[in-house]
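Inspection log for the structure reproduced underneath, given as structure tokens.
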Protein chains: 2
Amino acid sequence: MSKPAARTRLADAAFALFDEFGYEQTTVDDIAERAGVGRTTFFRHYRSKEDVIFPDHDRLLVLIRERLATSSHSTALVAVSDAVRLVLLHYLDEGDLARRRYALTSKVAALRDREIASVARYQRLFREFIAEWMGDPTESASLRAELMAAAVVAAHNHVLRRWLRGESSDPIAEVDDAMREVLALFPASQSFGETGGGGTTVVAFRTEQDLEVLLPSLRRLIEGGAEQ
Amino acid sequence: MSKPAARTRLADAAFALFDEFGYEQTTVDDIAERAGVGRTTFFRHYRSKEDVIFPDHDRLLVLIRERLATSSHSTALVAVSDAVRLVLLHYLDEGDLARRRYALTSKVAALRDREIASVARYQRLFREFIAEWMGDPTESASLRAELMAAAVVAAHNHVLRRWLRGESSDPIAEVDDAMREVLALFPASQSFGETGGGGTTVVAFRTEQDLEVLLPSLRRLIEGGAEQ
DNA sequence: CGGAAGATGGTACTGAGTACCGTCGAATCG
DNA sequence: CGATTCGACGGTACTCAGTACCATCTTCCG
């Protein structure tokens, strides 16, 4: 048991030192020394100093790509909403580790940037998936794909950050709510590659808003339902 | 005229070398040498090698903050949509320089990450502005603020990238369209901090969608208009 | 036993970024 | 006009992340 995988010891040492002295004050040499290995070994296990903290973004990215590839959902947005859950679940699995990472990324700008860059890769994946799924090369469809991907990621981040801050006791339920909210943002027709021959519906409601203000969104709803 | 501001010469030298040899192959020494200054002078003008390429994100951020602070728009979302135009206009002003930067960020992951991190700062600013503007500390309002900020930024990025790729001849018109699209996404009532005592309105329309699919967004509209 | 593969540790190097110091020139003041 | 001061500059030396290379040691298998 003296060698429970050098990789693990390195991660433990890193987090301990980061907590105690801060990220920038800790050198890779320090980490390797505390882990009882050479400096070379550190870089053999982690590509960079930042990598100790974000070890499996790459793996997650692949996981999501597979999930999307094999997904059979009615709309692209639903498929993506489902896939993003993987990310949240991964963080939840990490438990306390994720929170320690959050404490670090909150303090160190370089780490925050790194995290943001990772999330952007998810978002890009989603955008491409949605765009491809819609199979509509028009500029307007491309914009919608971009908006959808951004919304899904934003909703996920919102829930995740709440949980990381200890403000949420049931993040799973919250992410479901949030995803419903996102789904509601985009009239379903926009998520369909082709409109299924659905039944017509008439809806009426009251609002205190001026008609003027509501008009654009209503037009969207109607146009989205009738055409495209 | 031998010294047209060392800063400018450094930027010119940097871009020239990046174009010719690539970003990673070019060292700060190379840049300083071609600019005819010492290495120290480089770091006096630019905090880092990356900074030569992104010189005024900080300035832009301040500009936007001021614009938001003095903005007098009917809704937070409109104010933010307006502010984000500043960013687009800034890029347009840069003209060819912005395109050269885009060519670099497309090739070099580190630069792309840096750009993304900058954009995330805008987004954060927007999110905080919207949240504060709404003055509603509930979780649901916070999520909406997050979604709105993400949508505005996504729309901006979409138009900007199109222009950078030379796919757009009139990015101003496009960004206006895109922002209208974003506005339409969010029922206006959600953008109001308090409901002005407007007149009630009844609206009816037809759609091919199932009632089921539309229900969440309709409920949002109604609840948003009547309460909140 | 012998050899091959893999993990490890050490050394040396490149390059970014920082700290410090001495110098030069221009503006300013007596 | 001369002295001073202030700011920009250049150079040196340092830290540290990341890379390359090599020597060693273990383990496993024939």
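A note on names: the letters A, B, ... follow the listed sequences, proteins ahead of strands, and every chain is numbered from 1. In what follows, every heavy atom counts, from backbone to side chain, and hydrogens, waters and symmetry copies are set aside.
- D30(A) places a side-chain N or O within donor-acceptor distance of the main-chain N or O of T27(A), the cut-off being under 3.5 Å.
- At dG10(D), one or more side-chain N or O atoms of T41(B) fall inside 4.0 Å of OP1 or OP2 (strictly under the cut-off).
- A side-chain donor from one of S140(B) and R144(B) sits under 3.5 Å from a side-chain acceptor of the other.
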Pick out the pairs of N or O atoms, protein on one side and nucleotides 25-27 of chain C on the other, that lie under 3.5 Å.
none

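- Residue L17(A) contributes atom CG, which lies 12 Å from atom P of dA17(D) at whole-angstrom precision.
- Of the options R162(B), E174(B), R161(B), H158(B), a side chain to side chain donor-acceptor pair (under 3.5 Å) to S168(B) is made by E174(B) and by none of the others.
- The nearest whole Å value for the distance from the CZ atom in R9(B) to the C1' atom in dC9(D) is 12 Å.
- Side-chain N or O atoms of R9(A) include one that pairs as donor or acceptor with a backbone N or O of A35(A) at under 3.5 Å.
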Requested in this report: Treat primed atoms plus P, OP1 and OP2 as sugar-phosphate and everything else as base, then score nucleotides 13-22 of chain C 5' to 3': B for base contact with protein heavy atoms under 4.0 Å, S for sugar-phosphate contact only, - for none.
Outcome: --SSBB----

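- The phosphate of dA7(C) (OP1 or OP2) has no side-chain N or O of H45(A) nearer than 4.0 angstrom.
- In this structure a side-chain-to-backbone donor-acceptor pair under 3.5 Å is missing from S142(B) to T138(B).
- A donor atom on one side chain and an acceptor atom on the other are not found under 3.5 Å apart for H156(B) and Y122(B).
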Query raised in the report: Would R101(B) and Y91(B) count as a side-chain hydrogen bond (donor to acceptor under 3.5 Å, both in side chains) if you check the C-alpha gap in whole Å, the side-chain angles of each, and the deciding distance to 0.1 Å?
Result: CA-CA 10 Å; R101(B) 184 191 303 123; Y91(B) 278 94; 4.6 Å; no

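- Inter-residue side-chain proximity for H45(A) and V37(A) is flagged as unmet; no heavy-atom pair is nearer than 4.5 Å.
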